[in-house]
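These values consider heavy atoms only, across backbone and side chains, with no hydrogens, waters or symmetry-generated copies. This is a predicted model, so every value here is computed, not measured. Naming convention: chains lettered A, B, ... in sequence-line order (proteins, then strands); numbering from 1 in each chain.
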Number of protein chains: 2
Amino acid sequence: MNLPPLIQSFVLHFGEMGSHWGINRTVGQIYALLYVSDRPLNADDIVEAIGCSRSNTSMALKELQAWRLVKLQHLPGDRREYFSTPEDVWAIFKTLAEERQKREVEPTLTMLRGAIMETPSGEAERHAQARMNEMYQLIELVTKWFADIRDMDVETLEKLMKLGSQVGKVLQFTHSLGRLAGRDSGKED
Amino acid sequence: MNLPPLIQSFVLHFGEMGSHWGINRTVGQIYALLYVSDRPLNADDIVEAIGCSRSNTSMALKELQAWRLVKLQHLPGDRREYFSTPEDVWAIFKTLAEERQKREVEPTLTMLRGAIMETPSGEAERHAQARMNEMYQLIELVTKWFADIRDMDVETLEKLMKLGSQVGKVLQFTHSLGRLAGRDSGKED
DNA sequence: TCAAAGTTTCAGAAAATACTGAAAATACGA
DNA sequence: TCGTATTTTCAGTATTTTCTGAAACTTTGA
């Protein structure tokens, strides 16, 4: 690996972190490299920078594309494929959330729905099913909320986040102001 | 593995999911088993149910305890250790969020802070540093927001989530009502 | 203090995953 | 069409991770 020290530590950190996230080291490193790069890179640039094999790079880029985390583009007069990450960190964040939703949450919800449908035989299964239902309700609520949040524009979202727990107070405030909060959703309690 | 089919599919699913989350199969399976069990289980119960070795069970339970995802208790007149999961799914969710924060987010923030402090040498490093700063700001904002949310009581939290994107409208409403929203945070442009 | 019951550690085996180089496939221009 | 530049695939190898059984350790009651 032959990179400025500042960039190298960033790249190495993402490589290590990969294992916590179920992605492999090379994928993490390549993503990090593209993220901080000031220009799109081709596969050979990456091999040069990271020090992995050409084929490994090819695999990793394919995976990053499957996650929609990198963009593929061509430079005029150059046949090679160049890769870069989206500029907007919020957009990246949303993509990550969407993909994890699709890969991890959806299959779990499907499994839970199936299990909850079954007729339980015996007390153990009855209890298990009740627990699965609790989990199902929670995941579905959080999921829908995330989907709602994803669709907000970044400005509103930042405002909301900076507000933090104050939002609870605002909620109570609007509540006492004539139940505006409940007017459309109508689902409290 | 010798379990009612309904419970078995749940346990197996969590085992598979483990790899997406950086935990191993046995840990995932044991957690799932404890989650749906209607009584605390001891290590031998678990070996019997899952079909793994005694020592593997011991390791997995230690890891689950490190994550604060299982409770250890003793039954009167029995020297063995019994394990169970907290009942409240919200509490579980919050514990998970806290632990991931501590294990994954904090180290990343530390690394980023270090990198941002350095004096860049050359344009490539300057650009990289700017990108790292964007990432740092985003993670810190989301982190603080999560911490705020964690501290809400469950009732308010559920209300907030059910409200979903409506919250954006409420925000604008309060905004026009005299900038209550901005009063305490004071950070909006 | 000893013996019994229970738990943890750890070195090595087994399994899973990541990585490589060579060969095949593809895309492109002449 | 051919030849070159580039990317992808794949079988085998290396590395990492998980799992096991035996041994060591701990706790408790007599």
Find which nucleotide of DNA chain C each of A:Arg25 and B:Phe83 is nearest to by heavy atoms, and output the residue with the more 5' nucleotide.
B:Phe83
5'-most contact on DNA chain D (nearest-nucleotide basis), A:Asn42 vs A:Ser19, goes to A:Asn42
With the side chain counted from C-beta on, respond yes when B:Lys144 and B:Phe146 share a heavy-atom pair under 4.5 Å apart, and no when they do not.
no
Once you round it to whole Å, what is the distance between C1' of C:dA5 and CD of B:Glu81?
12 Å
Option among B:Asp88, B:Leu157, B:Val89, B:Ile149 that satisfies the side-chain contact (heavy atoms from CB on, under 4.5 Å) test with B:Lys94
B:Leu157
Compute both the distance and the angle, then confirm whether B:Arg150 meets the cation-pi test with B:Trp90: under 6.0 Å from the six-membered ring centre, within 45 degrees of the axis.
no
Distance, rounded to the nearest Å, where B:Tyr82 contributes OH and C:dA5 contributes C1'
12 Å
Would you tabulate the pairs of protein nitrogen or oxygen atoms and nucleotide nitrogen or oxygen atoms of nucleotides 23-30 of chain C closer than 3.5 angstrom?
| unit_1 | atom_1 | unit_2 | atom_2 | d |
| --- | --- | --- | --- | --- |
| C:dA27 | N3 | A:Arg79 | NH2 | 3.2 |

Quick check for you: among D:dT18, C:dG6, D:dT6, whose closest atom lies nearest to any side-chain atom of A:Asp78?
D:dT6
Send over the distance from A:Ile30 CD1 to C:dA18 P, rounded to a whole Å.
13 Å
Does some side-chain heavy atom of A:Ile92 sit less than 4.5 Å from a side-chain heavy atom of A:Pro86?
yes
Is the charged tip of B:Arg113 near the ring of B:Tyr136: under 6.0 Å from the six-membered ring centre and within 45° of its axis?
no
Output the residues of residues 50-69 of chain A in contact with DNA chain C, where contact means a heavy atom of the residue under 4.0 Å from an atom of the strand; sort by number or write none.
A:Cys52, A:Ser53, A:Ser55, A:Asn56
Taken to the nearest whole Å, CG/A:Leu41 to P/D:dT7 is 13 Å
Of all the heavy-atom pairs spanning B:Glu104 and A:Met17, show the shortest one and how long it is.
O-CE, 3.8 Å
Just wondering, do A:Glu106 and A:Leu109 contact through their side chains at under 4.5 Å, heavy atoms?
yes
B:Glu48 atom CD is separated from C:dG6 atom C1', nearest whole Å, by 18 Å
Quiz item: cation-pi between A:Arg100 and B:Trp21, 6.0 Å / 45°:
yes
Would you kindly give the CD-to-C1' distance between B:Gln73 and C:dG6, to the nearest whole Å?
17 Å
Any heavy-atom pair between the side chains of A:Trp67 and A:Val27 that's under 4.5 Å?
no
